[in-house]
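The structure appears below as structure tokens.
A note on names: the letters A, B, ... follow the listed sequences, proteins ahead of strands, and every chain is numbered from 1.
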Amino acid sequence: MPDRYDPHAIEPKWRERWLADGVYRARDDDERPPWYALTMFPYPSGDLHTGHWYAMAPSDAAARFRRMQGYNVLFPIGFDAFGLPAENAAIQRGVDPREWTYGNIERMREQLRAMGAGFDWEREIVSCDPEYYRWTQWWFLKLYERGLAYRAGAAANWCPGCQTVLANEQVKDGLCDRSDDPVERRFLTQWFFRITAYAEELLDFGGMDWPERIQTMQRNWIGRSEGANLRFPVDVAGVDEPLSVFTTRPDTVYGATFMVLAPEHELVGRITTEGQREAVEAYVAATSRVTEVERLSTEREKTGVFTGTYALNPFNGARIPIWIADYVLVTYGTGAIMAVPAHDERDFAFARDHGLDVIPVFDHPDIDVNAPLEAAFTEGGAMINSGPFDGTPASEAIPAVVAHAEAEGAGTGAVTYRLRDWLISRQRYWGTPIPMIHCEACGVVPVPEGDLPVLLPENVHFEPTGQSPLTRIEEWVNVECPQCGAAARRETDTLDTFMCSSWYQMRYVDPHNPERPFSAGTMRQWLPVDIYTGGAEHAVMHLLYTRFFWKAARDMGIVEGDEPMKRLFNQGIILGPDGFRMSKSRGNVVAPDDQLEAHGSDAFRCQLMFIGPWDQGGPYNPSGMPGIVRWLNRLWSVAAEPPPAGGDAAASRELTAATQRAIRDVTEDLDGFRFNTAIARLMELTTALARARESGGVDGATWDRSVETLILLTAPLAPHIAEELWERRGQPYSVHLRAWPEFDEALVAEETVEIVVQVNGKVRDRLTLPAGATEAAARERALASERVQAWTEGKEPRRVIYVPGKLLNIVV
RNA sequence: GCCGAAGUGGCGGAAUUGGCAGACGCGACGGUCUCAAACACCGUUGGGCGUUAAGCCCGUGCCGGUUCGAGUCCGGCCUUCGGCACCA
């Protein structure tokens with residue numbers, strides 16, 4: 001059999017056979033423990049790029065590893081197929097989004113198969129299939145029933161480029177996450193999911209093995225703040241309800257010298273005096289023209305206008321002016337603040353610019369609080385200028401003031417979150433239709449479950465007008481009200497595509513179920529996901545939404561457990577050889593198809609895994625490929641050639657020990673997604689085998705065991721060559737269904753150990769001692785060493801440190 | 001500005017709890033095979049000193065500290081990358 005290693009001669013053959021034999025089919029009726037390994041399903045952009053390989057090849061290796069460890073592995077694949085690029089292609093090139101998407105899927109499916117990953121293709125899902133999105137609609141109805149989906153008017157993020165509203169999570173630095181257009185604020189009536197109902201629970205990552213980084217990002221995004229809501233009566237006729245503000249520093253309430261409302265605050269119109277009306281209206285109008293980017297800049301001067309009205313401090317009755325300013329955001333807290341310039345940097349800047357009072361209400365060891373302050377300070381000693389609270393130490397101040405506020409009816413302790421409800425309406429075509437009907441008599445009426453799916457109509461004009469293209473399809477829009485039968489109209493907005501991906505992991509467990517999204521039995525068997533792999537860019541979008549979905553589903557009794565994914569691992573971002581993101585315009589694109597053609601799938605995936613830690617990403621330089629190709633060639637020749645004659649017992653023991661060490665290390669590395677070091681260990685074992693053969697051989701049984709172990713350990717990483725070599729050695733098909741080798745500690749035990757001898761911390765000699773040598777024995781040998789004596793110069797050791805089996809340090 | 005991660009040969013990167021720095025690979029150099037090239041295989045490869053050799057010194061971003069011993073721990077800086085950023 002010693003023909004040359006030729007990936008093209010073996011890889012397609014095995015891929016076809018695996019597919020035909022259903023080697024990677026996950027069975028519901030299997031007694032082995034289940035293992036659900038999930039890699040984020042791709043968007044069908046049209047071509048599989050290196051980033052896809054970088055995400056999926058290691059995920060595949062990890063899934064194969066678990067399968068060999070005896071798990072019943074579910075490793076599914078599908079396509080996240082709704083979204084703007086399809087629609088943009090329709091607008092720009094006149095192609096049908098459906099055709100564009102399905103064409104891309106077909107191509108990418110072929111490319112994914114050519115990768116040789118062990119996906120269970122029988123469970124493939126496509127989120128734009130009516131079979132799938134009818135269940136997305138079903139979820140919407142369930143959330144609606146539960147009060148978690150609602151329609152409301154709000155200041156929404158509007159992307160002028162995409163001509164649709166966006167969720168807060170899809171706005172980065174005031175720019176649209178997709179098109180980079182500056183986002184505008186528009187008051188619109190939209191559909192929301194009440195994710196804020198789960199804000200507190202979403203902060204808890206207990207029992208989850210998720211990267212610290214993602215946990216921090218989600219916690220920051222949710223942004224929990226503890227404080228109080230305080231009520232300030234407004235001194236103006238016709239406004240009876242007090243002005244409510246949220247503050248994290250209720251203990252500074254005596255220092256409140258002015259109030260600030262967001263310009264969009266609903267009270268603004270009602271409290272503005274005639275004399276100030278013109279200025280206030282001009283300011284409100286000006287604010288609406290400022291982009292979010294500008295408005296959020298902390299560099300910007302703090303502008304604002306006095307409303308002419310005063311509020312009364314509920315603690316001391318002080319009359320304090322009410323201003324409006326755009327540094328206060330209508331979307332956070334109550335949209336209004338009490339400003340305490342002495343102890344808040346922003347309020348201080350505003351007071352300085354507009355000549356407002358500054359009253360310190362805490363003393364400070366380094367600051368003269370009787371002189372005009374030069375800056376706000378937040379850490380104080382004890383309360384001052386605060387009536388009955390004077391002298392209260394800072395540590396007791398907040399509870400004392402809150403207790404008083406609650407007793408007097410001036411406010412209550414409160415927690416506020418930065419997280420906003422998830423805006424899910426989109427004014428675009430290529431998405432899941434929202435299954436709702438608007439009836440003049442009955443209001444908003446859900447489409448009955450039996451009428452799902454609400455099919456997305458075909459043959460539509462796509463030019464974005466700021467309204468969903470669906471509004472123009474009269475025959476689709478006009479329906480009978482399911483409740484009263486009167487003429488009614490369908491909801492024409494579509495769902496945010498993040499809704500498709502919020503529950504797809506649940507559909508994979510029962511992808512063809514026509515009755516329900518999945519059966520309770522398959523849910524219990526497979527869910528939650530054991531290991532989820534994918535990019536970190538989804539930290540506060542998909543990864544937050546899917547947790548919310550799961551918790552809502554749990555509360556509806558649909559799933560069990562608190563979290564959808566037990567363990568999460570984020571791979572890094574793969575860059576071009578020049579260290580920049582791969583892009584056609586830069587000309588630094590490494591095309592997987594080219595690599596595949598040049599070196600085969602095994603080599604390309606191993607090379608991607610070998611370049612460094614998986615979570616680090618970094619530049620991909622194909623110049624390292626020869627190393628992988630050489631290794632695969634050496635692996636081939638080691639496995640292909642017959643065992644050498646002869647057999648030195650010591651050499652056999654050594655090879656066995658090397659093999660066992662490889663089992664131990666590769667197992668640990670794969671468990672921790674350290675593919676780079678796993679491959680290094682496999683290269684070492686390959687070299688050890690080649691050495692053993694050259695230097696006179698080992699006994700046949702040892703040789704065979706080592707070679708076969710090497711093939712088994714290689715199988716998850718380079719599945720094709722492993723299968724080929726396995727077969728050529730006459731072993732039963734398939735190597736991917738064999739048991740993972742077990743590590744046997746006893747076989748690595750060495751009879752002797754090498755001890756490093758240091759004098760004053762510097763290595764001066766090495767000794768070979770019997771394993772388990774005592775300190776006394778080691779010390780005796782070390783002191784007898786000429787090289788050691790040369791450094792101790794006859795002095796008596798002051799101290800000797802012995803690390804058994806490793807090191808002896810003599811201090812003189 | 002705040003939070004987090006990282007900084008190791010010419011390059012990608014290794015290094016349990018502090019215990020032989022540079023595993024594995026690329027590249028480079030030398031060699032085997034070959035008419036030659038490709039392929040393949042073998043050897044050397046952190047820097048400096050040492051004619052050879054034995055050996056010695058320096059070396060993990062910078063400065064200092066703890067320790068018998070520091071890439072690893074502590075304090076203070078510098079740089080890079082990621083995230084957040086008027087959130088009251």
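Ring planes of Phe315(A) and Tyr254(A): perpendicular class, angle over 60° (limits at 30 and 60°). A parallel orientation is assigned to the rings of Phe569(A) and Trp614(A), their planes being inclined by less than 30° (bins at 30° and 60°). Ring planes of Trp422(A) and Tyr545(A): parallel class, angle under 30° (limits at 30 and 60°).
Ring centroids of Tyr620(A) and Tyr54(A) are separated by 6.0 Å or more, keeping the two rings apart. Aromatic rings of Trp631(A) and Phe610(A) (six-membered ring for Trp) have centroids beyond the 6.0 Å cut-off, not under it.
Looking only at side-chain heavy atoms (C-beta outward), Arg219(A) and Arg224(A) stay at 4.5 Å or farther from each other. In this structure, Thr307(A) and Ile324(A) have side chains that are in contact, with non-hydrogen atoms separated by less than 4.5 Å.
Because its NZ or CZ atom is not both nearer than 6.0 Å to the ring centre of Phe675(A) and within 45° of the ring axis, Arg605(A) does not count as a cation-pi partner of that residue.
Taking the P atom of each, G71(B) and C58(B) are spaced 13 Å apart, rounded to whole Å. One C1' atom belongs to A23(B), the other to U60(B), and the distance between them is 15 Å to the nearest Å. Look at the C1' atom in both U45(B) and C11(B): the space between them is 14 Å, to the nearest Å. Comparing the P positions of A37(B) and G31(B) gives an interatomic distance of 12 Å, to the nearest angstrom. The separation of C29(B) from U51(B), taken at their P atoms, amounts to 28 Å, rounded to a whole angstrom. Straight-line distance between the C1' atoms of C33(B) and C42(B): roughly 11 Å, to the nearest whole Å. Nucleotides G7(B) and G13(B), compared at atom P, are 10 Å apart to the nearest Å. If you take atom P in G46(B) and the same atom in C24(B), they sit 12 Å apart, rounded to whole Å.
Taking atom NE2 on His538(A) and atom C1' on G82(B), their separation rounds to 16 Å, with Å as the unit. Rounded to an integer number of Å, the gap from His265(A) NE2 to A88(B) C1' is 13 Å. Taking atom CD on Glu169(A) and atom P on C84(B), their separation rounds to 11 Å, with Å as the unit. In this structure, Leu682(A) places its CG atom 18 Å from P of A23(B), rounding to the nearest Å. Arg418(A) has its CZ atom 11 Å from the C1' atom of G83(B), to the nearest Å. Taking atom CG on Leu717(A) and atom C1' on C24(B), their separation rounds to 14 Å, with Å as the unit. In this structure, Trp631(A) places its CH2 atom 18 Å from C1' of A40(B), rounding to the nearest Å. Rounded to whole Å, atom P of A5(B) lies 18 Å from atom CD1 of Ile573(A).
The shortest distance between the side-chain N/O atoms of Arg691(A) and the OP1/OP2 oxygens of C42(B) is not below 4.0 Å. Dashed line: the shortest gap from a side-chain N or O of Ser225(A) to OP1 or OP2 of A88(B) is under 4.0 Å. Between G25(B) and Arg634(A), a contact under 4.0 Å exists linking OP1 or OP2 to a side-chain N or O.
The backbone N or O of Thr331(A) sits less than 3.5 Å from a side-chain atom of Arg420(A), completing a donor-acceptor pair. Put simply, the side chain of His265(A) gets close to the backbone of Leu267(A): a donor and an acceptor are under 3.5 Å apart. Side-chain atoms of Asp602(A) do not come within 3.5 Å of backbone N or O of Leu717(A) as any donor-acceptor pair. Put simply, the side chain of Asp177(A) never gets that close to the backbone of Val171(A): no donor and acceptor are under 3.5 Å apart.
Heavy-atom distances to RNA chain B give each of Thr416(A) and Asn633(A) a nearest nucleotide, and the one nearer the 5′ end belongs to Asn633(A).
To the nearest 0.5 Å, the span separating CD on Glu684(A) from CZ on Arg691(A) amounts to 11.0 Å. For the atom pair CD (Glu537(A)) and CG (Asn570(A)), the distance works out to 8.0 Å, reported to the nearest 0.5 Å. Atom CG of Asn676(A) is separated from atom CG of Leu608(A) by 12.5 Å, given to the nearest 0.5 angstrom. Gln607(A) CD to Met625(A) CE: the interatomic distance, rounded to the nearest 0.5 Å, is 5.0 Å. Note: Trp323(A) CH2 to Ile337(A) CD1 = 13.0 Å, rounded to the nearest 0.5 Å.
By the ring-ring contact (aromatic ring centres under 6.0 Å, His included) test, His343(A) is found to be paired with Phe362(A), Phe377(A), residues two or more places apart in sequence or in another chain being considered.
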Under a 4.0 Å heavy-atom criterion, the protein footprint on nucleotides 8-15 of chain B, written with B, S and -, is ----BSS-
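Against the 90° criterion about 0, the sugar-base torsion of G9(B) places it in the syn range.
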Between protein and nucleic acid, restricted to nucleotides 57-60 of chain B and to nitrogen or oxygen atoms under 3.5 Å apart, what atom pairs and distances do you find?
unit_1: C57(B); atom_1: OP1; unit_2: Arg764(A); atom_2: NH2; d: 3.4
unit_1: C57(B); atom_1: OP2; unit_2: Arg764(A); atom_2: NH1; d: 3.3
unit_1: C58(B); atom_1: OP2; unit_2: Lys762(A); atom_2: NZ; d: 3.2

Filtered N/O pairs between nucleotides 68-71 of chain B and protein, under 3.5 Å:
unit_1: C68(B); atom_1: OP1; unit_2: Arg799(A); atom_2: NH1; d: 2.7
unit_1: C68(B); atom_1: O2'; unit_2: Asn809(A); atom_2: ND2; d: 3.4
unit_1: C68(B); atom_1: O2; unit_2: Asn809(A); atom_2: ND2; d: 2.3

Which pairs, protein N/O on one side and nucleotides 27-30 of chain B N/O on the other, fall under 3.5 Å?
unit_1: G27(B); atom_1: OP2; unit_2: Arg630(A); atom_2: NH1; d: 3.4

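In this structure, the nucleotide among A40(B), C86(B), G83(B) sitting nearest to the side chain of Val629(A) is A40(B).
Residue contacts for Val328(A): at a heavy-atom cut-off of 4.0 Å it reaches a base atom on one of the strands shown.
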Writing each nucleotide of RNA chain B 5' to 3' as (, ), [, ], | or . by Watson-Crick or G-U pairing under 3.5 Å yields (((((((..(((......[....)))((((((.......))))))((((.....))))..(((((..]....))))))))))))....
